[in-house]
**Student:** 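The structure follows.
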2 protein chains.
Amino acid sequence: MTDQLGRSPRKPRADAIRNRERVLEAAKAIFSEGGTETGLEAVARKAGVGIGTLYRHFPTREALYEAVYRREVEQLAELAQHLTTDMPPLAGLRRWLLALVEFVATKKGMGAALALAAHKPPELMAFTTSRMNEAIGMLLGPAAEAGEVRRDIGPDDLLRMVIGLCYMQDGPGWQAQVMRLLDVFLDGLRIRRDDPSESPRS
Amino acid sequence: MTDQLGRSPRKPRADAIRNRERVLEAAKAIFSEGGTETGLEAVARKAGVGIGTLYRHFPTREALYEAVYRREVEQLAELAQHLTTDMPPLAGLRRWLLALVEFVATKKGMGAALALAAHKPPELMAFTTSRMNEAIGMLLGPAAEAGEVRRDIGPDDLLRMVIGLCYMQDGPGWQAQVMRLLDVFLDGLRIRRDDPSESPRS
DNA sequence: TGATATACGGAGGGTGCCTCCGTTTGCAAG
DNA sequence: CTTGCAAACGGAGGCACCCTCCGTATATCA
């Protein structure tokens, strides 16, 4: 009855949560294909909500950027979790790095969002890199444990390398190019035993 | 009389050139202090020209960004030229690097302009780095020639290091921090002979 | 010293940002 | 189930900025 200084007098309404999610989904889609300059009304329309609703959930454009960004980072982290259990380590790692490249790709359109990541709260950047490193570690660890990959390459090395690769490459089709380079790298990462199954004598 | 397929029937008007310059100057000032989001009307006002004039010279916002960017790169290049003749090599280099840090500083506000540099014509980026490397070489070369600095650090190393430093640092007063680090680095760059003028025995 | 191409200024139509408020709806107490 | 209400919703509209257009001014050239 009383909420005076107390906590949540009610639980958040279901439609509010649903709408918030819809807006984030729409924003992600629109931003990654049209860049962040696109009008927010378009986002609201795509999400099937009124413009007012959008602004209630995300008072400023930056707030929306940041929420989209955070959500994608979270999703990447969850993906890593699933991949560790669903796939053999190295394949999982490769799959995850592919997702990471796509993530960076959408952020390239989002110059603004990146500047935000570099400028705004240092906390956001710390959050990002720690989450990312956790995720990579989750996939890289078991592989190292199993003796499948070299142990002198850490999650942070890998992360920095991918980001670096993405930002150097720039022409059309750069994503494929990055993946090719990455595959070469991953191949180098593997520890090859003299496994006869790998070298069939004719 | 006839210009049919011929070249420039007239030379460009003086006021046009002057106004173009004024707009660039104003844009630089406004963008570096207020970010690139600031209204273009403000730029026109500061430049003392009509909004129409601004748009005639720079049809789109991006065109203006790019022009400002190019101009600053050119100015940095020219600065290097002057410094080579007016100052002892190392002092000149230091002075120039300071200007470079300021340049990057204004570009940090300009997330958009940077995204442009990364995205738009690869030519712009090539232009930038080659100009920059020339400039550094101009200052570093003589110093190396005179045996004042190590020879295993090239212009591109230096350039990348400064950019990297600028983008890692981020709090308030980061520029001073960068310059401190740079000074340490420059000190390390010097070749110290056993020059008695440097070690006065008491 | 004209003639004229060129540049100038700024009013104004269009578009997107964001606020505000009347209406709707999910939640929970009776 | 019904009823009360806080929470959420949609979208009209005010405001600011973007850019175009055209009548006026002026530098250049004959």
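Basis for what follows: all heavy atoms, side chains included, without hydrogens, waters or symmetry-related copies. The sequence lines fix the lettering, A, B, ..., with proteins before strands; numbering per chain opens at 1.
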**Student:** Please pick, from C:dA7, C:dC27, C:dT19, the nucleotide with the shortest atom-to-atom distance to any side-chain atom of A:Y55.
**Tutor:** C:dT19
**Student:** Which angle, rounded to 10°, do you find between the first-five-pair axis and the last-five-pair axis of the helix from C:dT1-D:dA30 to C:dG30-D:dC1?
**Tutor:** 20°
**Student:** Test: side-chain hydrogen bond (donor to acceptor under 3.5 Å, both in side chains). Region: residues 85-95 of chain A. Which pairs qualify, not counting sequence neighbours?
**Tutor:** A:R94-A:D183
**Student:** Taking CZ from A:R45 and C1' from D:dG10, how many angstroms apart are they, rounded to a whole number?
**Tutor:** 14 Å
**Student:** According to side chain to side chain contact (heavy atoms under 4.5 Å, CB included), who are the partners of A:A91, at least two apart in sequence or on a separate chain?
**Tutor:** A:M87, A:P88
**Student:** Between the protein and nucleotides 23-26 of chain D, list the N/O to N/O atom pairs that are separated by less than 3.5 angstrom.
**Tutor:**
{"residue": "D:dT26", "atom": "O2", "partner": "B:R13", "partner atom": "NH1", "Å": "3.1"}

**Student:** Checking side chain to side chain contact (heavy atoms under 4.5 Å, CB included) for the pair A:F58/A:L40: CA distance, chi angles, key distance, verdict?
**Tutor:** CA-CA 11 Å; A:F58 309 100; A:L40 296 193; over 6 Å; no
**Student:** Should B:L97 and B:L93 be marked as a side chain to side chain contact (heavy atoms under 4.5 Å, CB included) after you check the CA-CA gap, both sets of side-chain angles, and the distance that decides it?
**Tutor:** CA-CA 6 Å; B:L97 290 178; B:L93 178 60; 4.2 Å; yes
**Student:** Apply side chain to side chain contact (heavy atoms under 4.5 Å, CB included) to B:P142 and list each qualifying residue two or more places apart in sequence or on a separate chain.
**Tutor:** B:P89
**Student:** Which protein N or O atoms sit under 3.5 Å from an N or O of nucleotides 1-5 of chain D?
**Tutor:**
none

**Student:** May I ask you to check whether B:F31 and B:Y65 place their ring centers less than 6.0 Å from one another?
**Tutor:** yes
**Student:** Which pairs count as salt bridge (charged side-chain N to carboxylate O under 4.0 Å, His left out) when at least one residue sits in residues 124-142 of chain A, sequence neighbours excluded?
**Tutor:** A:E74-A:R131, A:R131-A:E134
**Student:** Can you measure B:R56 atom CZ to C:dG10 atom P for me and round it to whole angstrom units?
**Tutor:** 12 Å
**Student:** Starting from C1' on C:dC8, measure out to CZ on B:R18 and report it in whole angstrom.
**Tutor:** 11 Å
**Student:** Rounded to whole angstroms, how far apart are CZ on A:F58 and P on D:dC9?
**Tutor:** 11 Å
**Student:** Could you go through the side chain to side chain contact (heavy atoms under 4.5 Å, CB included) check for B:Y69 and B:F127 one step at a time?
**Tutor:** CA-CA 11 Å; B:Y69 183 90; B:F127 164 80; 5.7 Å; no
**Student:** On a heavy-atom basis, which atom in B:W96 and which in B:L76 lie closest, and how many Å separate them?
**Tutor:** NE1-O, 2.9 Å
**Student:** Does B:H57 put a side-chain nitrogen or oxygen below 4.0 Å from OP1 or OP2 of C:dC8?
**Tutor:** yes
**Student:** Produce the list of close N/O pairs, under 3.5 Å, pairing protein atoms with atoms of nucleotides 12-16 of chain C; give distances to one decimal.
**Tutor:**
none

**Student:** Minimum heavy-atom separation for B:A67 and B:L24, please, with both atom names.
**Tutor:** CB-CD2, 3.7 Å
**Student:** Expressed as a whole number of angstroms, how long is the span from A:I17:CD1 to D:dA7:P?
**Tutor:** 14 Å
**Student:** Please compare A:P12 and B:G52 by the position of their nearest nucleotide in DNA chain D and report the one closer to 5'.
**Tutor:** A:P12
**Student:** Less than 3.5 Å apart, which donor and acceptor atoms pair up between the side chains of residues 41-55 of chain B and the rest of the protein, not counting sequence neighbours?
**Tutor:**
none

**Student:** Considering only residues two or more places apart or on different chains, which pairs with a residue in residues 19-32 of chain B satisfy salt bridge (charged side-chain N to carboxylate O under 4.0 Å, His left out)?
**Tutor:** B:E21-B:R71, B:E25-B:R71
**Student:** I want to verify a distance call: between D:dG10, D:dA27, C:dA7, whose nearest atom is closest to the A:T53 side chain?
**Tutor:** D:dG10
**Student:** Looking at residues at least two apart in the chain, or sitting in another chain, which of them share a salt bridge (charged side-chain N to carboxylate O under 4.0 Å, His left out) with A:R150?
**Tutor:** A:D152
**Student:** Between B:N19 and C:dC8, does any side-chain N or O lie under 4.0 Å from OP1 or OP2?
**Tutor:** yes
**Student:** How many Å lie between CG on A:L54 and C1' on C:dC20, as a whole number?
**Tutor:** 16 Å
**Student:** Rounded to whole angstroms, how far apart are CD on B:E21 and P on C:dA7?
**Tutor:** 16 Å
**Student:** Does A:M138 have any side chain to side chain contact (heavy atoms under 4.5 Å, CB included) partners at least two apart in sequence or in another chain, and if so, which?
**Tutor:** A:A80, A:Q81, A:T84
